[in-house]
*Asks:* 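Below you'll find the structure I mean.
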2 protein chains.
Amino acid sequence: MESGAVTIIRNCGLFCGLSEASFAKIAEIARIVRFKRGQMIFREGDPCPGIYVVGEGAVRIFKLAPNGKEHVLHFAYPGATFAEVAAIGRFNCPAFADATEDSVCALVPEAGFRRIADEDHAFCIEMMTGMAKWVHTLVGLLEDLVLRDATSRVARHLIQSDSSEGQAEFTLPMRKKDLASHLNLTSETLSRTLHRLVECGLIETREQRIRICELPKLQDVADGLAPAEFA
Amino acid sequence: MESGAVTIIRNCGLFCGLSEASFAKIAEIARIVRFKRGQMIFREGDPCPGIYVVGEGAVRIFKLAPNGKEHVLHFAYPGATFAEVAAIGRFNCPAFADATEDSVCALVPEAGFRRIADEDHAFCIEMMTGMAKWVHTLVGLLEDLVLRDATSRVARHLIQSDSSEGQAEFTLPMRKKDLASHLNLTSETLSRTLHRLVECGLIETREQRIRICELPKLQDVADGLAPAEFA
DNA sequence: GTTAGACCTTGACCTGGGTCAAGCCCGGAC
DNA sequence: GTCCGGGCTTGACCCAGGTCAAGGTCTAAC
């Protein structure tokens, strides 16, 4: 195992709580994989190669419709894992993945993961609750897409991005077209929506940088209460 | 414990594989709960009372938007469980639930479930993979809502409902308005869509009964290949 | 430098599916 | 029986957001 993989796995949300014994087992078989920007990592339907842990860069997980439309399910940044659901549930890759930046990942082959799950009860419980959280997140996403309009979705996403950094200002970590796809919008609509929010003074933008000026009002927009100035 | 709850739990997908020891523990604390048609079972945000197992009837799990629009996440019929995700992940109820028919459920309080998860490794693994399957299902739902149009969604749902019974004919187990909500449509649009499918000869309907006449063509519609007659 | 190709923005236009409204049918209360 | 309310269908109309097209800007390649 390359030394890099150990570090990556130590620092990821999923495996950082492992017992020393379990960790040693994973360390034996994990390996480093590198991807260039734009490179495809796997395709929907591919056999699942194991659990990927992002060390550097950024990975985009997305679905492709027969007509070519794509929908970004989520982004994985350093410390996050992907393909873990397929590994646990023993299905093939349920979506596509590619690197949006030059990226370094640790790959834990499925067999290794399975051995740990069989032996390490605490890990198993953690995975169980981890999956439950995933379900929770997905239900939230679904709710968003189904119950809110474009403007609310954008506002909500901005608030969430912000609160995770705890400041009033942050940088969008992905291209706008990918964000648009994640929110089930076209990039045109996202562009127009951000523009309207700027015009109303709720946010300011400069390139990929976004500052929230009027959080309470933005919150109202996210909740579907169209403020008067949204004529 | 009432005798009924034992039977219900024995026959449900989630707990039927339990070891005798684990089963005995659950049996000690499970109890029967009954709901009248239309009765609310829990509300979004309520503390999670435990895992419900449906014995008879039908339960509808749904989200409510601030503007009153509702979205049906799924239906639980005899043998199915609900609220299990919240119980495992330790969050409050993430949605509303009500009975669409007079229903009988077994309720396994969260504490009891947790004890078993702590002690029964095989059960724990089963829950883990069960949750992974849930994620898989939800991603499929999301994909459906986002990548397909109304007609494809309806066609796909019909095919799935059918294949689960393995015949060319089946009865919709829910009201059309609830199905519409599940597919993120209004009941008007569902009505019109079914009507078009009937006109094209792909299906026949009589009340809640639906017969698929041209499965291959219906499959094409589900895949977004609009057949010529869909002018 | 300049050419090529992503992005992103903005405008003009179009359409799938929602909204509103009317009418039918059926089952349950009385 | 008759009344009432909910579910379902159908038609007419409308609008949020998609599509198409035209620049503008930045980076990467040569």
Side-chain angles (χ1 to χ4, degrees), chain A residues 36-39 58 60 65 67-72 98-102 144-155 171-199 203 205-210 221 224 226 230-231, chain B residues 36-38 58 60 65 67-72 98 100-102 144-155 171-199 203 205-210 221 224 226 230-231:
Chain A
K36 296 192 302 290
R37 181 152 65 93
Q39 189 179 346
R60 186 176 69 132
N67 65 28
K69 176 177 174 184
E70 66 183 33
H71 177 75
V72 176
D98 65 11
T100 57
E101 304 296 338
D102 291 351
D144 237 41
L145 293 178
V146 152
L147 298 179
R148 297 173 194 281
D149 65 12
T151 312
S152 302
R153 293 208 291 281
V154 172
T171 301
L172 284 181
M174 72 288 272
R175 281 168 297 179
K176 291 219 176 93
K177 59 177 279 205
D178 285 327
L179 174 57
S181 162
H182 180 57
L183 298 174
N184 195 29
L185 300 173
T186 57
S187 57
E188 291 96 324
T189 300
L190 174 61
S191 182
R192 285 187 252 266
T193 303
L194 287 175
H195 187 77
R196 278 219 315 290
L197 291 173
V198 170
E199 271 185 339
I203 61 172
T205 61
R206 226 189 58 241
E207 311 280 307
Q208 300 291 99
R209 196 115 196 108
I210 294 189
V221 172
F230 254 68
Chain B
K36 296 192 302 291
R37 180 151 67 92
R60 187 175 68 132
N67 65 28
K69 176 176 174 185
E70 64 183 35
H71 177 75
V72 176
D98 66 11
T100 57
E101 304 296 338
D102 292 350
D144 237 40
L145 293 178
V146 151
L147 298 179
R148 297 172 194 280
D149 64 12
T151 312
S152 302
R153 293 207 292 281
V154 173
T171 301
L172 285 180
M174 72 288 274
R175 281 166 299 179
K176 290 216 175 96
K177 59 178 280 203
D178 284 327
L179 173 58
S181 162
H182 180 57
L183 298 174
N184 195 28
L185 301 172
T186 57
S187 57
E188 290 97 324
T189 300
L190 175 61
S191 181
R192 284 187 253 265
T193 303
L194 287 174
H195 187 76
R196 279 219 314 289
L197 292 173
V198 170
E199 272 185 338
I203 62 171
T205 61
R206 226 189 59 242
E207 312 281 308
Q208 300 291 99
R209 195 116 197 109
I210 294 189
V221 173
F230 254 68

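So that the names make sense, note that chain A is the first sequence line, chain B the second, and so on, each numbered from 1.
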*Asks:* Please determine whether side chain to side chain contact (heavy atoms under 4.5 Å, CB included) holds for the pair K176(B) and Q208(B), giving the CA-CA distance in whole Å, both sets of side-chain angles, and the decisive distance to 0.1 Å.
*Replies:* CA-CA 8 Å; K176(B) 290 216 175 96; Q208(B) 300 291 99; 3.9 Å; yes
*Asks:* Where do V154(B) and R148(B) land on the side chain to side chain contact (heavy atoms under 4.5 Å, CB included) test, with the steps shown first?
*Replies:* CA-CA 10 Å; V154(B) 173; R148(B) 297 172 194 280; over 6 Å; no
*Asks:* Output the rounded distance in Å from CG (N67(B)) to P (dT19(C)).
*Replies:* 9 Å
*Asks:* Expressed as a whole number of angstroms, how long is the span from L190(B):CG to dT19(C):C1'?
*Replies:* 16 Å
*Asks:* CG of L179(B) versus P of dC8(D): gap in Å, rounded?
*Replies:*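 Rounding to the nearest Å, CG of L179(B) and P of dC8(D) are 10 Å apart.
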*Asks:* Please report how far the helix from dG1(C)-dC30(D) to dC30(C)-dG1(D) bends, comparing the axis fitted to its first five pairs with the axis fitted to its last five, to the nearest 10 degrees.
*Replies:* 40°
*Asks:* What integer distance in Å separates R196(A):CZ from dG11(C):P?
*Replies:*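 To the nearest whole Å, that distance equals 13 Å.
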*Asks:* Does a nitrogen or oxygen in the side chain of K176(B) sit under 4.0 Å from OP1 or OP2 of dG7(D)?
*Replies:*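 Answer is no, no contact under 4.0 Å.
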*Asks:* Could you state the interatomic distance from CG (L179(A)) to NZ (K177(A)), rounded to the nearest 0.5 Å?
*Replies:*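 Between atom CG of L179(A) and atom NZ of K177(A) there are 12.5 Å.
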*Asks:* If you assign each of K177(B) and R153(A) to its closest nucleotide in DNA chain D, which residue comes earlier from the 5' end?
*Replies:* K177(B)
*Asks:* To the nearest 0.5 Å, how far apart are CZ in R37(A) and CG in D102(A)?
*Replies:* 7.0 Å
*Asks:* Heavy-atom distance under 4.5 Å between the side chains of N184(B) and K69(B), does that happen here?
*Replies:*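 Side chain of N184(B) against side chain of K69(B), heavy atoms only: contact under 4.5 Å found.
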*Asks:* Less than 4.0 angstrom between a side-chain N/O of Q208(A) and OP1 or OP2 of dC7(C), yes or no?
*Replies:*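 For dC7(C), OP1/OP2 do not have a side-chain N/O of Q208(A) under 4.0 Å.
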*Asks:* Give the rounded distance in Å between these two atoms: NZ of K69(B) and C1' of dT19(C).
*Replies:* 12 Å
*Asks:* Take atom CD of E199(A) and atom C1' of dT10(C), then tell me their distance rounded to the nearest Å.
*Replies:* 12 Å
*Asks:* Does T100(A) form a side chain to side chain contact (heavy atoms under 4.5 Å, CB included) with M174(A)? I'd like the steps, not just the answer.
*Replies:* CA-CA 8 Å; T100(A) 57; M174(A) 72 288 272; over 6 Å; no
*Asks:* Using whole Å, what does the distance between atom P of nucleotide dG17(D) and atom CG of N184(B) come to?
*Replies:*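 So the two atoms are 12 Å apart, to the nearest Å.
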*Asks:* Keeping the roles fixed (side chain from S181(B), backbone from V72(B)), state whether a donor-acceptor pair exists under 3.5 Å.
*Replies:*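 Present.
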*Asks:* Taking atom types as modelled, is there a side-chain donor on S152(A) or D149(A) under 3.5 Å from an acceptor on the other?
*Replies:* yes
*Asks:* With a 4.0 Å cutoff (strictly under), does any side-chain N or O of H195(A) reach OP1 or OP2 of dT10(C)?
*Replies:*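 True: H195(A) side-chain N/O within range (under 4.0 Å) of dT10(C) OP1/OP2.
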*Asks:* Distances for protein N/O vs nucleotides 19-21 of chain D N/O pairs under 3.5 angstrom?
*Replies:*
residue	atom	partner	partner atom	Å
dT19(D)	O4	R192(A)	NH2	2.9
dC20(D)	N4	E188(A)	OE2	3.1

*Asks:* Please evaluate residues L190(A) and R153(A) with respect to the criterion side chain to side chain contact (heavy atoms under 4.5 Å, CB included), reporting the C-alpha separation (whole Å), side-chain torsions for both, the decisive distance (0.1 Å), and the verdict.
*Replies:* CA-CA 10 Å; L190(A) 174 61; R153(A) 293 208 291 281; over 6 Å; no
*Asks:* Contact class for D178(A) vs. all strands (heavy atom < 4.0 Å): base, sugar-phosphate, or nothing?
*Replies:*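 Nothing, no heavy atom under 4.0 Å.
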*Asks:* May I have the distance from R206(A) (atom CZ) to dT9(C) (atom P), rounded to whole angstrom?
*Replies:*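 After rounding, the gap between these two atoms is 14 Å.
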